[in-house]
Structure formats: structure tokens, C-alpha cells
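The shown structure was predicted, so the numbers you read here are calculated from the model rather than taken from an experiment. Each chain gets a letter, A, B and so on, in the order its sequence line appears, and its residues count up from 1.
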Amino acid sequence: MAHESSSPRGFWLVKSEPDCYSIDDLKRDKRTAWTGVRNYQARNFMRDGMKIGDLVLYHHSGSEPPGIVGIARVCSAPHADETAQDPKDDHYDPKSTRDDPIWMCVDIEFVRKFDDILSMAELKAHKSLASMLVLQRGQRLSVMPVDETHFRIVEQMAEKSARSAASTGR
DNA sequence: GCCAACGTTGGC
DNA sequence: GCCAACGTTGGC
């Protein structure tokens, strides 16, 4: 590719139920291993696609409203998801062994939390995000790639809502 | 290997 | 609470 060096990073989106692990939990912990993913496609994105430094949109699912609440960054190479080997863990998988871990994850670190959630309704209202994967009907992946153009638009939307919040004294 | 039944995710 | 979209399971 002619302009390989102009796009050095990948862009991703991860989902989490805030009751399970929210952006505030990530902010408190600074970083965490993104464990518990038990879908092969999602695992493959972490194992084969994610690189240290890639930026990640953090999505709250099952919340009211659901939407993107901040940004994280990939901060480790892929490694075994140890929760798969823990019989007491909800995500225990007896098929996963120390020799053949099956389930892999990366670590992500907190970058920032948006002042306001960007709800799916708001995102869907933005025409240039129409093809964004997370907005497609019935799409259930918990780890997925994001186009850089979509990522930048989301960043701008977050900035804009922060500015309007500041100007109205909210 | 097919396919129906079932379970899960997650928006609405 | 409903339902769409899958992934998984298991009988055949």
C-alpha cells in the first residue's frame, strides 16, 4: 500500500455491561485484561488484529441508553485469558488448558471518558456513521473493528458535546 | 453434514 | 418484555 505509514494504528470497539465492568472501573484500575470474551470472531480480532497503541471505543451495552462512553488503548500483546482455566469463574471453559489456552485477550488502558455518553440514537442520527458496524441491526460482536473515519467522527462528536456542555454551564 | 431446537446478546 | 440475529448442541 502506498500510504502504509499514514495509518499506523488500528481502531476498535469493545462492549461491556457497565454493571459488569464500566468505563469508571477502567479509569479506577488504569488498565485491565479484557477477559471473558467467548466468541471466536471477537477473540480473533484481539489475538490477530489488535496491536499495542491501537485505540478502542468503549461501549456500554444493556444500559439506558446504550452508547459509547469513552476511549481506551491496547497496551499488551495478546495473551491467554486465564479466567477460562478457573473453574470458579463465570467464563470457565474446560476445553481451554494451559498448553492450549483457546481463549486469548489483550490488556487495555484508560484514555478518557466522554463528558456525556454518545447514545446509539445520536450515533445513528449521524449520516456518515451509517455503515459503522456497531450500529448495524442485530450485530452482537463484543469486539469489532472500527473504520478510522468513523472513529474520528465519534471523537469529534464527543468534543462537540463537551463544548456545548461547558458553554451552557452544565 | 444437515438442521431443528435452544441459548445468548443486546437494542428497542 | 419482545424479538432479531447468531452461535452452539445434538439427534439423525
Q.
Under the criterion side chain to side chain donor-acceptor pair (under 3.5 Å), I'd like the reasoning laid out for Thr83(A) against Arg38(A): C-alpha separation, chi angles, the key distance, then a yes or no.
A. CA-CA 11 Å; Thr83(A) 65; Arg38(A) 297 292 178 268; 3.0 Å; yes
Q | Mutual orientation of the aromatic rings belonging to Phe151(A) and Phe11(A) [parallel < 30°, tilted 30-60°, perpendicular > 60°] | A | tilted
Q) Under 30°, 30 to 60°, or over 60°: which ring-plane class applies to Phe45(A) and Trp12(A), parallel, tilted or perpendicular? A) tilted
Q: Quickly work out the His91(A) NE2 to dG7(B) P distance and round it to whole Å.
A: 19 Å
Heteroatom pairs (N/O) under 3.5 angstrom, protein to nucleotides 8-12 of chain B:
{"residue": "dT8(B)", "atom": "O2", "partner": "Arg140(A)", "partner atom": "NH1", "Å": "2.5"}
{"residue": "dG10(B)", "atom": "OP1", "partner": "Arg140(A)", "partner atom": "O", "Å": "3.2"}
{"residue": "dG11(B)", "atom": "OP1", "partner": "His59(A)", "partner atom": "NE2", "Å": "2.9"}
{"residue": "dG11(B)", "atom": "OP2", "partner": "Gly62(A)", "partner atom": "N", "Å": "3.1"}
{"residue": "dC12(B)", "atom": "OP1", "partner": "Lys124(A)", "partner atom": "NZ", "Å": "2.0"}

Q: Mind running a 4.0 Å heavy-atom check of residues 34-47 of chain A against DNA chain C and sending the residues that fall below it, in number order?
A: Asn39(A), Tyr40(A)
Q) Does atom CD of Glu82(A) have more than 12 heavy-atom neighbours from other groups under 6.0 Å away? A) no
Measure the shortest side-chain to side-chain distance between [X] and [Y] over non-hydrogen atoms and say whether it is less than 4.5 angstrom.
| X | Y | answer |
| --- | --- | --- |
| Lys113(A) | Leu26(A) | no |
| Leu55(A) | Arg73(A) | yes |
| Met157(A) | Leu123(A) | yes |

Q. Quick one: do Arg28(A) and Asp25(A) make a salt bridge, cutoff under 4.0 Å?
A. yes
